[in-house]
Structure formats: C-alpha cells, structure tokens
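Have a look at the structure below before the remarks.
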There are 2 protein chains.
Amino acid sequence: MKKSRNTRQRAVILDVLKNTESSHPTAETIYREARKVLPNISLGTVYRNLNFLRGQGLVREIRSNNEASSRFEGERPPHAHFHCTCCQTVHDIPLPDCVRNLQWEGDTPICSVNSLELHIVGACSQCVAVQS
Amino acid sequence: MKKSRNTRQRAVILDVLKNTESSHPTAETIYREARKVLPNISLGTVYRNLNFLRGQGLVREIRSNNEASSRFEGERPPHAHFHCTCCQTVHDIPLPDCVRNLQWEGDTPICSVNSLELHIVGACSQCVAVQS
DNA sequence: GTAATTGCAAAAGATTTGCCCCATT
DNA sequence: AATGGGGCAAATCTTTTGCAATTAC
C-alpha cells in the first residue's frame, strides 16, 4: 500500500466529519468548517483528501438525485438515508433487518454484492409539524 | 398545468429512453443517439427535455456514487438498481417485497415517504465469468 | 399569430489537476 | 534529504441559461 502522511489538514477534515455526524456535509461545507481551524486550507485539498479517504474506506460519498454536489460522511455501521425534500436534510436511519439480509438468488445479474444503499425520500416530522 | 408541445425532439428523446431500457443512458449518450435521428439536436435541448419530462414523472434520474454524470430512465414499475463496479453497467432488478412494504414507525424522523431507492453495488455474473 | 421550444454559445457550478513550494517522515 | 502533500489558479466536465430564430398549435 502507498505511503501516506498524517497532515494537519487530513486530520481536521476527518474531525469535521466526525463532529457533524448527522449533517452529511458537502465538500464546500467541510471546507468552511475546516477553515475555522486552518484558515489557509484550500478547497482543492479538501477534495483531494476526501478522495483519498474514500479510497481508504474512511469516508463515503452520498449523491442524491436533485442535488448538484456530493455529500460525505465518515465510515459508520451500515445504515440507510432519509432525504427530506422540504428541508433538504439527509438523516441516518436504521437499515431494516430484511434489507440487511437480502438474498439474490433468483433471475438477476448479481454475482457478488459489495455494498448496498437504501435511500428514502419524503418529508420529515419536523417539516410537517412546522407546516401545520 | 402548463401548456406543452409535442416537439420532434421530445418524442425522439422519449424514444431513445424506451429503446435502451436496460442501459440507463447519460444525457450525453441520449444526445448521441438522438443525433442519429435529428442531427441538429443540441445537448441543451436534451437536458431541457429530460428536466421537463422528469417534472412530468415520465423520466427518472439516477445518480451513483462514483459517477460524474446522471443517468436517466423512462418511468417503469418500481424496481431496484444493481451497479456493476466492473463494467459500470446499471441493471434493473426486482424490488424485494420486504422493501416495498417497509414500515417506518420506530424512532425515525420519517413522516411521509414519497419514493424509495435501493442500489446494490457489486459484480455482475458476466464480468465474473469473463475474469475466470 | 402567439408562445413554447429550439440551437447555439456563453455561463455557472462542482471537481480535478499542474506546478512549485513546504512540511512530515 | 527525500518526497508526499498543500496552496493557488487554471482547466475540465456536467449542467443550466440567455437570446434570437423557429415551429407547433
């Protein structure tokens, strides 16, 4: 495996991801947060590190269908994502057992499964409460 | 609802989507296909129509985590997607009943569900066969 | 005839990359 | 000291948009 260094920038980015567990920040948001600690960090560095960390399996990318930019999250136990179309928030939700245990033996092209993503799109209770 | 016209461009785009059911083309691919029929169609028109048709519920956008561009599909009965990391193909696969019937009554922020996406990532049988 | 839609090209956004310098090892 | 990684800015890529001309109705 390739040699890598523990730079202050990388540590800060991981830290931002750890401390915003439920907000699934974009690169831009991570950049803004990181700048509070390292005012000179550049957006390019944020992207380079996110890509590197994703390669290491320490960061996951999340894309939803109507958003231009990717969101990122630190690696955590398997879970699903709930996207509220009203407040644009992405929430972590438990991954149902039946999904975790899915078998694909029927008439599918699936040979081996690496990962699985379940995205629920709808309205969150908070938004519905505010509306009424 | 807003007035809309049946342009040749729109019909061709829908046709391309219908005739490439299992390939989930990108806008660029749709553009190239459409040019075979309408050599002057522009990429902007393809995007504009895809957005319009998505608004009408006739087209769906699919984004996967490591691809820069969106893929599109014509509206079809609910199904899940299988992404082969080897050949980059996206296959339609049946949506398991247990997923279709998921209930969210526990400790989640979910109030109402509009739609649901299940993405499986792995290797398809064809790729595995070729490798060995 | 009117207004939606097109083609074209420029703009906008997100992400990547080249280059030279700095900092970790 | 060697070299991985950073900062900056330019480049790239995808998608959107303004505008004048066209076309469906």
Please check if the number of heavy atoms outside [X] that lie under 6.0 Å from its [atom1] is greater than 12.
X: B:Arg60; atom1: CZ; value: no
X: A:Asn101; atom1: CG; value: yes
X: B:Asp107; atom1: CG; value: no

Nearest whole angstrom, please: distance from the [atom2] of [N] to the [atom1] of [X].
X: B:Asn66; N: C:dT15; atom1: CG; atom2: P; result: 12 Å
X: A:Arg8; N: D:dG7; atom1: CZ; atom2: P; result: 12 Å
X: A:Leu53; N: D:dG5; atom1: CG; atom2: P; result: 11 Å
X: A:Arg35; N: D:dG7; atom1: CZ; atom2: P; result: 10 Å
X: A:Gln9; N: D:dG4; atom1: CD; atom2: C1'; result: 12 Å
X: A:Leu38; N: C:dA23; atom1: CG; atom2: P; result: 13 Å
X: A:Asn40; N: D:dC8; atom1: CG; atom2: C1'; result: 11 Å
X: A:Ile41; N: D:dC8; atom1: CD1; atom2: P; result: 11 Å

| said: Quick check for you: among C:dA4, D:dC25, C:dT5, whose closest atom lies nearest to any side-chain atom of B:Asn6? | reply: D:dC25
| message | Side chain of A:Ser4 only, heavy atoms from C-beta on: which candidate in D:dG7, C:dT5, D:dG5 is closest? | response |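 From the listed options, D:dG5 comes nearest.
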| request: May I ask you to check whether B:His91 and B:His24 place their ring centers less than 6.0 Å from one another? | output: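 When the ring centroids of B:His91 and B:His24 are compared, they turn out to be at least 6.0 Å apart.
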| request: For each nucleotide in nucleotides 14-19 of chain D, reading 5' to 3', give B when a protein heavy atom comes within less than 4.0 Å of its base, S when such contact involves only the sugar-phosphate, and - otherwise. | output: SBBBBB
| Is B:Arg10 positioned over the aromatic face of B:Phe52, cation under 6.0 angstrom from the ring centre and no more than 45 degrees off axis? | yes
| request: Describe, in one word, how the ring planes of A:His119 and A:His81 are oriented to each other, choosing from parallel (under 30°), tilted (30 to 60°) and perpendicular (over 60°). | output: tilted
| Charged N to carboxylate O under 4.0 angstrom, B:Arg100 versus B:Asp97? | yes
Extract from the structure each pairing of a protein N or O with an N or O of nucleotides 20-23 of chain D at less than 3.5 Å, listing the distance.
residue, atom, partner, partner atom, Å
D:dT23, O2, B:Arg5, NH1, 3.0

| message | So, does A:Thr7 get its side chain near the phosphate of D:dG6, meaning an N or O under 4.0 Å from OP1 or OP2? | response | yes
| said: Using the side chain to side chain donor-acceptor pair (under 3.5 Å) criterion, which residues pair with A:Arg35? Sequence neighbours excluded. | reply: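 A:Arg35 satisfies side chain to side chain donor-acceptor pair (under 3.5 Å) with A:Tyr31 once adjacent residues are dropped.
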| request: Determine whether the side chains of A:Asn66 and B:Arg54 contain a donor N or O and an acceptor N or O closer than 3.5 Å. | output: yes
